[in-house]
Asker: 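Below you'll find the structure I mean.
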Amino acid sequence: MNVLLLGSGGREHALAWRIAQSPRLTKLFASPGNPGIAEHAEIVEIKDGDHRGTIDFCLKNSIELVVIGPEAPLVDGLADNLRTMGFAVFGPDKDAAQLEGSKGFTKDLCAEAGIPTARYARFTSAEAALPALKEFGLPVVIKADGLAAGKGVVIAETRQDAEAAIAGMFDGDFGKAGAEIVIEEFLSGEEASFFALVDGETVVPFGTAQDHKRVGEGDTGLNTGGMGAYSPAPILDEAMVDRVMREIVKPTVETLARRGTPYSGILFAGLMLTEAGPQLIEYNVRFGDPECQVLMMRLEDDLLALMAAIADGRLSEVPPPRFADDSVITVVMAAKGYPGTPEKGCRIDGIEAAQADGAKIFQAGTEEQDGALLASGGRVLNVTARGGTLRKARDTAYAALDKIDFADGFYRSDIGWRELERS
Ligand code: AMP
Ligand code: GLY
């Protein structure tokens with residue numbers, strides 16, 4: 001098969017690495033890619049958001065599957081346009097991608113299908129939203145409805161903070177994403193990530209993970225895209241996975257199918273494990289980043305074969321995906337300044353040495369200039385390792401980190417702490 005992979009992060013490097021291992025692969029192309037992805041794919045230039053250009057590239061290069069890594073092109077309808085032209089795609093159509101594209105859409109779907117989630121209300125103006133605050137306790141959660149690169153959520157501890165967040169969102173703090181908002185009850189518990197493969201009708205579990213969203217040690221400081229992750233998440237044991245499938249994921253997939261907007265691709269459920277049971281916090285319509293990196297290292301099956309089966313609606317015909325019993329951890333090396341404005345251009349050395357003892361370095365915000373590897377984004381490297389226990393995986397990853405020479409880089413030294421404390 002000829003495959004086109006869209007995206008440029010550590011998530012896409014991990015996907016490229018696994019797709020390249022498939023005996024079914026003829027040639028892998030990637031756009032915009034990065035130097036890590038370039039080890040497995042021919043990098044091609046397709047303008048971001050150019051659906052016509054993507055279709056033309058696929059026609060010219062006999063592409064048989066397009067794998068769309070990030071959410072924005074999915075919410076923008078790229079999968080619909082490719083499918084209309086006859087191409088197989090891994091990723092949902094625009095209507096089903098509303099699960100990530102609109103928080104209110106997902107809350108309404110949960111209400112319709114009886115899926116456990118925080119009590120909520122939707123608003124299109126501050127005048128309507130402000131008086132409704134008294135219906136919620138404190139803390140209260142205020143969310144911009146649309147895509148806001150993971151930044152559109154405010155957990156307000158006081159009424160004043162909640163009012164300021166509402167005013168800010170309607171004043172354009174998150175651009176168009178904040179033209180509508182959701183006010184939500186605050187849920188207490190432990191967060192965990194659950195993944196499922198879906199081909200419209202069939203749904204199969206595809207692993208569990210936990211990530212660390214805050215930039216600082218001990219889960220403090222600003223929110224980020226994720227500073228590290230591990231898989232599996234033992235807190236999502238078999239009984240809990242069954243319950244999440246039954247109460248949350250299957251009713252979602254069934255509701256979308258019944259509406260005539262079936263879901264196809266990977267479905268990523270962000271869960272809160274509360275005293276009353278698992279509740280849905282949010283859906284993502286793509287793999288998590290960095291959760292994808294740890295899942296890909298545990299996956300024991302041919303990723304490309306699974307993706308092709310989903311694109312063809314044949315998921316019920318393939319054996320359920322298998323994952324190694326091992327634990328995998330990934331530690332993000334970010335550039336100074338992240339999650340604000342990161343320092344760019346710092347030279348990175350030592351990747352080979354760091355990989356010598358079994359760790360794998362996925363590249364995210366990197367670029368190559370005159371043979372040197374330079375930092376070019378916020379999250380720069382994902383140092384990933386596997387072990388019989390989480391502690392062994394952790395030790396391998398941190399030993400590898402010591403060998404990386406990246407003066408502007410920083411990382412958290414406590415990735416996995418919650419699970420390590422438990423074990
Ligand atoms: P989201 O983008 O919806 O995943 O929200 C980002 C983060 O905000 C989540 O990972 C949670 O840590 C937190 N969060 C979102 N909604 C709630 C809620 N209803 N109760 C408690 N925490 C929440
Ligand atoms: N790491 C969280 C996400 O990808 O949304």
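In listed order, ligands and their atoms are each counted from 1.
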Asker: Please identify which atoms of ligand 2 are closer than 4.0 Å to at least one heavy atom of Gly288.
Answerer: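 Every atom of ligand 2 under 4.0 Å from some heavy atom of Gly288: 4 (O).
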Asker: Would you mind running through ligand 1 and noting each atom that sits below 4.0 Å from a heavy atom of Met272?
Answerer: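 In order of number, 21 (C), 22 (N).
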Asker: Give yes if a backbone or side-chain nitrogen or oxygen of Val153 is under 3.5 Å from a nitrogen or oxygen of ligand 1, and no if not.
Answerer: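 Between Val153 and ligand 1, no N or O pair is found under 3.5 Å apart.
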Asker: What pair of heavy atoms forms the shortest contact from Thr330 to Thr384, and how long is it?
Answerer: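 For Thr330 and Thr384, the tightest heavy-atom pair comes out as OG1-OG1, 2.8 Å.
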Asker: Around atom CD of Glu201, are there more than 12 heavy atoms from other residues, nucleotides or ligands closer than 6.0 Å?
Answerer: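 Result for CD/Glu201: open.
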Asker: Considering residues at least two apart in sequence or located in another chain, which fulfil the ring-ring contact (aromatic ring centres under 6.0 Å, His included) criterion with Phe136?
Answerer: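 Here no residue qualifies.
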Asker: Could you tell me how the ring of Phe29 sits relative to the ring of Phe57: parallel (under 30°), tilted (30 to 60°) or perpendicular (over 60°)?
Answerer: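 Rings of Phe29 and Phe57: perpendicular, as their planes differ by over 60°.
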Asker: Taking only heavy atoms of Glu184 into account, list the atoms of ligand 1 that are under 4.0 Å away from them.
Answerer: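 By the 4.0 Å cutoff, the relevant atoms are 16 (N), 17 (C), 18 (C), 19 (N).
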Asker: Assess whether side-chain contact (heavy atoms from CB on, under 4.5 Å) is satisfied between Leu271 and Ile248, documenting all intermediate values.
Answerer: CA-CA 10 Å; Leu271 303 170; Ile248 298 176; 3.9 Å; yes
Asker: Counting from 1, what ligand 1 atoms have a heavy atom of Lys103 closer than 4.0 Å?
Answerer: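 Matching atoms, with element in brackets: 2 (O), 3 (O).
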Asker: Which residue and non-hydrogen atom of the protein lie closest to atom 21 (C) of ligand 1, and at what distance in Å?
Answerer: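 Heavy-atom neighbour on the protein nearest atom 21 (C) of ligand 1: Leu187 O, 3.3 Å.
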Asker: Is the shortest side-chain heavy-atom distance between Asn284 and Phe195 below 4.5 Å?
Answerer: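 No. Closest side-chain heavy atoms not under 4.5 Å.
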Asker: Once the angle between the rings of Trp17 and Phe362 is folded into 0 to 90°, is it parallel (under 30°), tilted (30 to 60°) or perpendicular (over 60°)?
Answerer: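 Answer is perpendicular, since the angle exceeds 60°.
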Asker: Is the shortest distance from atom 7 (C) of ligand 1 to a protein heavy atom below 4.0 Å?
Answerer: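 Within 4.0 Å: no protein heavy atom nearby.
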Asker: Of all the heavy atoms in Arg286, does at least one lie under 4.0 Å from an atom in ligand 2?
Answerer: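 Heavy atoms of Arg286 do come under 4.0 Å of ligand 2.
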Asker: Go through ligand 2 atom by atom and flag the ones less than 4.0 Å from a non-hydrogen atom of Gly225.
Answerer: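 In order of number, 1 (N), 2 (C).
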Asker: Show the numbers, then the answer: is there a side-chain contact (heavy atoms from CB on, under 4.5 Å) between Ser102 and Arg122?
Answerer: CA-CA 11 Å; Ser102 164; Arg122 301 177 73 171; 3.8 Å; yes
Asker: Looking only at protein heavy atoms, which one is nearest to atom 2 (O) of ligand 1, and how far off is it?
Answerer: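 Ranking protein heavy atoms by distance from atom 2 (O) of ligand 1, first comes Glu282 OE1, 3.2 Å.
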Asker: Among Ile68, Leu5, Asn34, which one satisfies side-chain contact (heavy atoms from CB on, under 4.5 Å) with Glu12?
Answerer: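 It is Leu5, the one option of Ile68, Leu5, Asn34 that forms the side-chain contact (heavy atoms from CB on, under 4.5 Å) with Glu12.
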Asker: Which label fits Phe206 and Phe323: parallel for a plane angle under 30°, tilted from 30 to 60°, or perpendicular past 60°?
Answerer: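 Rings of Phe206 and Phe323: perpendicular, as their planes differ by over 60°.
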Asker: Where is the nearest protein heavy atom to atom 23 (C) of ligand 1: which residue, which atom, and how far?
Answerer: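 Answer for atom 23 (C) of ligand 1: Ile155 CD1, 4.2 Å.
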Asker: Against heavy atoms of Asp211, which atoms of ligand 2 measure under 4.0 Å?
Answerer: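 Answer, ordered by atom number: 1 (N), 2 (C).
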Asker: Taking N or O atoms only and a 3.5 Å limit, does Glu282 qualify as a polar contact for ligand 2?
Answerer: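 Among all N and O atoms of Glu282, none is under 3.5 Å from an N or O of ligand 2.
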Asker: Using a 4.0 Å cutoff against the non-hydrogen atoms of Phe268, which atoms of ligand 2 qualify?
Answerer: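 That gives atoms 3 (C), 4 (O), 5 (O) of ligand 2.
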Asker: Please report the closest heavy-atom contact between Pro139 and Ile155, naming both atoms and the distance.
Answerer: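 Reported closest heavy-atom pair: CB-CG2, 4.1 Å.
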Asker: What are the atoms of ligand 2, with element, lying closer than 4.0 Å to any heavy atom of Asn284?
Answerer: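 In order of numbering, the contacting atoms are 5 (O).
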Asker: With atom 3 (O) of ligand 1 as the reference point, say which of Gln279, Lys213, Glu100, Lys143 has the nearest heavy atom.
Answerer: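 Nearest heavy atom to atom 3 (O) of ligand 1 lies in Lys143.
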Asker: Around atom 12 (O) of ligand 1, find the nearest protein heavy atom and jot down its residue, atom name and distance.
Answerer: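 Among all protein heavy atoms, the one nearest atom 12 (O) of ligand 1 is Glu191 OE2, 2.3 Å.
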